[in-house]
Each structure stands twice: as structure tokens, then as C-alpha cells.
Amino acid sequence: MNAPARFDTLPRYATAAKAIESLKPSEPLYLVRPKKFAAAAKLFLDGFPGDVLYAVKANPHPIVIDQLWKAGIRHFDTASLGEIEIIKAIAPSAICHFMAPVRLAGQAKAAFEQHGVTDFVVDSQSELDKLLAETGNPKKLRVFVRLVAQLGGALLEMSSKYGCLPEEAAKLLKRVKTAGAQPCLTFHVGSQCLSPFSYAQAIEIAQRTINLSGVQIAALDIGGGFPAAYAGEEPPPSHWYFDMIKEALSNLGTPNLNIMCEPGRALVAHGISLVTQVVMRRGDRLYLNDGIYGSFDEQRFAGFDENYPASAITLDGKGNAKLLSGEKRPFRAFGPTCDSADVLPRPQMLPDTIAKNDFVLFDAMGAYTVSSRSPFNGYYPDSWAIIDD
Ligand SMILES: *Cc1c(COP(=O)(O)O)cnc(C)c1O
């Protein structure tokens, strides 16, 4: 794999059509859309009543980090030393928070000593002990106890691997306090959470935990999970989430609480579109140049039944890019690798006239796409351009 692409060296076009006309890309092409990144960041920075941490795992590409930094994001939810190093290389003054509850040996020490990280998450006594031993200066730490928040409003749950129930969390809060660090709470309601009410319910669980512990917490981090609009689905507007969260927080009755959130998907999904090419068509089968081992990795997860908004583009005799219209039909879309499993799990609705060498433009491709592509079978999507529409 090459060094990551840099924003200031990328070709720049007014629209996706112009990029396709000029590049006629035979390899998958990521289109960075600066205005979409700026708009998503503004929505959170203006609307959320606290610090907005970008969850780096949604897309750690330097171009994406740079876009969010330019849009005013200053806090980053990192889950490994590797992610902290990515952020610090791009923005040395960025504030990194180490929000994974289970860390490799030595990573908390390196984060604390080399990168000034003071926020950490735990969901067990053993990780708390390890954290305290590695950092050796509890007074400087804020330790977030991760709660289970499996509330059914999200497509991808985030509570079966990490988190503890209120009774256990209350014990941990007391131990954090006894150790001399600042006790805090966090949860994740699940990714692509279509129910704003899940946040209010989770905040209630936090309240119950605070009551059980008798400990005053310094910060509450309500995690990520905010949804992106995909094909055929318009999630509830962001202000429903923010209003619901503000109301639930006002019932907490804990003044001077530092409130945080960790959006990943919602900050980056619409900032990138992807141009793929039809390599071959056979009946209702389209063989594309990208698939589930590349940018479509997230489609493999059973719960995630979203499709990326897709449109078909052809180059006419004069080389002008034109949107294919006409009646649509379902296609099975195969990826480029030799693995039979490399097929999108749901039909793609595209015009029946689509043919070899045409392009399929997928929107909302910024989250959990670039971050989890693999070089399996020699295919690694890594071409980039900027579009200004
Ligand atoms: C993945 C993750 C996020 C981001 O989740 P989204 O659904 O993309 O907003 C935030 N916090 C933690 C702890 C995570 O693991």
C-alpha cells in the first residue's frame, strides 16, 4: 500500500460527472466532498450541548481527519495507540481520548506519557488496576466506566462485548474515586441508532448508576450511534436527538457536568462518494470493481441492512457523463475478488440499460468503508479526488 493520499495533491472537480469524464476511472475512486464534512461538523458543534469527539474508527484517513479539523473538530475518540498517533501526526494540538475499555499492555502508559492522554474507559476491575499501574498518577486521570446500553434502537448493537450493568458500574465508580481519579460514565447505544429515545433511556441508566454509587461524576460521555441517511431511509432529524438528550440531561440534576459525545458515522458518511465501474454485465448480474473486501465491508454485518444510495452514469459518444434514467430493476452486484462471498447481500436497484464500462456512483460512503477495506486478492481501492458540489 502506498503512502496515504494528501488533500492538497488531489485532482479537483465541480461534480462527480466531471470527475468521471476526466478520469474515466477503471479503479474505484473516492470523491471527497468538503462541504458535506463542514456541514456535518457544524450540525454537531452547534447542536450538541457539550464536547464533540470524532470516533476515529469510522474513518481514520488523513484526508478525513484534516477535513474535520478544518471544520472545527478538536476532540478525538481513539481506541488504540495507532489511532492516537494518526491524529497527533496531523494535528499535534488535538485532544485525544482513549475510549476503548480493553487496552493492549503498555498502550495506556504510552498514551499518557507521550501524548498527554488523560481520559480512559474501563468496564472491569482488572483494566482499572492495569490503567492505574501504567499511568501512576491517578489525580490526572478521568476514568469513564462503560455501561451496557442495549436498548434496541440501533441497527448494530454495541453492548454485548463491552460494558457493565449499573450495580457493577457503581462499584467501579467508587473504586475510581477511592483511587484518586475523577469518576465518569459512558455508554454506546449502538451504531445507526434510529431511535432518539434510546439516548434518554441510556441517560436514565446512568442516573440510576450514579444514585447506586453515591459518587458525583465529573463527565458523562453519551457515545456515538447517530445515524446517517442511506438509500430509501431518512432517519429522524438531528435536532430530535439533541432535544431529547438535552431534556434527559436536565433531569440528571448534576450541574457542572462535562458532557461529551462520540459521533463517527454521522460526521463522515456523507463526506465521501464512491465511483465504481461495471466490469461486466451478465443478465441481472453486475461485476463491479469494488466489493465487500473493499469499500463495502460493512454490508456483511447482518444487522446493517442499509444500502448506499446508488445511481448509474454512462459516457456518451462525445465523452460526456450522463445519468442513466429509465426503468430500474434489481441487480446482484459482485465484487472483483475471486471469492464467491464477494457479493453485496441485497439487490441494487439500477436502470435496466446499464452496461459494461458504465459507472455506479454510491453516496454516503464515508463511514466504515475506507477504514476496513483490505488488500485481499490484490484489490485495494485507494484513488482519490475532490468534488465541490
Ligand atoms: C464505534 C464507536 C463510536 C462511533 O460510533 P458511530 O455509530 O459511528 O457513531 C463511538 N464510541 C465508541 C466507543 C465506539 O466504539
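Order of listing sets the numbers, starting from 1, for every ligand and every atom in it. Residue numbers start at 1 and run along the sequence shown. Note that this is a predicted model, so its numbers are computed, not measured.
With 3.5 Å as the limit, one finds no donor-acceptor pair spanning the side chains of D290 and T276. Inspection of the Y379 and S374 side chains reveals no N or O donor paired with an N or O acceptor under 3.5 Å.
Within the structure, the side-chain hydrogen bond (donor to acceptor under 3.5 Å, both in side chains) test picks out the following pairs touching residues 219-246 (sequence neighbours left out): Y230-R265.
Judged by the 6.0 Å distance and 45° axis criteria, R103 is positioned over the aromatic ring of F98. Cation-pi check for R300 over F296 is not met; the charged atom does not lie both under 6.0 angstrom from the ring centroid and within 45 degrees of its normal.
For F301 and Y368, the gap between ring centers reaches or exceeds 6.0 Å.
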Atom pairs, nitrogen or oxygen, ligand 1 to protein, under 3.5 angstrom:
{"unit_1": "ligand 1", "atom_1": "5 (O)", "unit_2": "H188", "atom_2": "NE2", "d": "2.9"}
{"unit_1": "ligand 1", "atom_1": "7 (O)", "unit_2": "S191", "atom_2": "OG", "d": "2.4"}
{"unit_1": "ligand 1", "atom_1": "7 (O)", "unit_2": "G225", "atom_2": "N", "d": "3.2"}
{"unit_1": "ligand 1", "atom_1": "8 (O)", "unit_2": "R265", "atom_2": "N", "d": "2.8"}
{"unit_1": "ligand 1", "atom_1": "8 (O)", "unit_2": "Y368", "atom_2": "OH", "d": "2.6"}
{"unit_1": "ligand 1", "atom_1": "9 (O)", "unit_2": "G225", "atom_2": "N", "d": "2.8"}
{"unit_1": "ligand 1", "atom_1": "9 (O)", "unit_2": "G264", "atom_2": "N", "d": "2.9"}
{"unit_1": "ligand 1", "atom_1": "11 (N)", "unit_2": "D77", "atom_2": "OD2", "d": "3.1"}
{"unit_1": "ligand 1", "atom_1": "11 (N)", "unit_2": "E262", "atom_2": "OE1", "d": "2.5"}
{"unit_1": "ligand 1", "atom_1": "15 (O)", "unit_2": "K57", "atom_2": "NZ", "d": "2.8"}

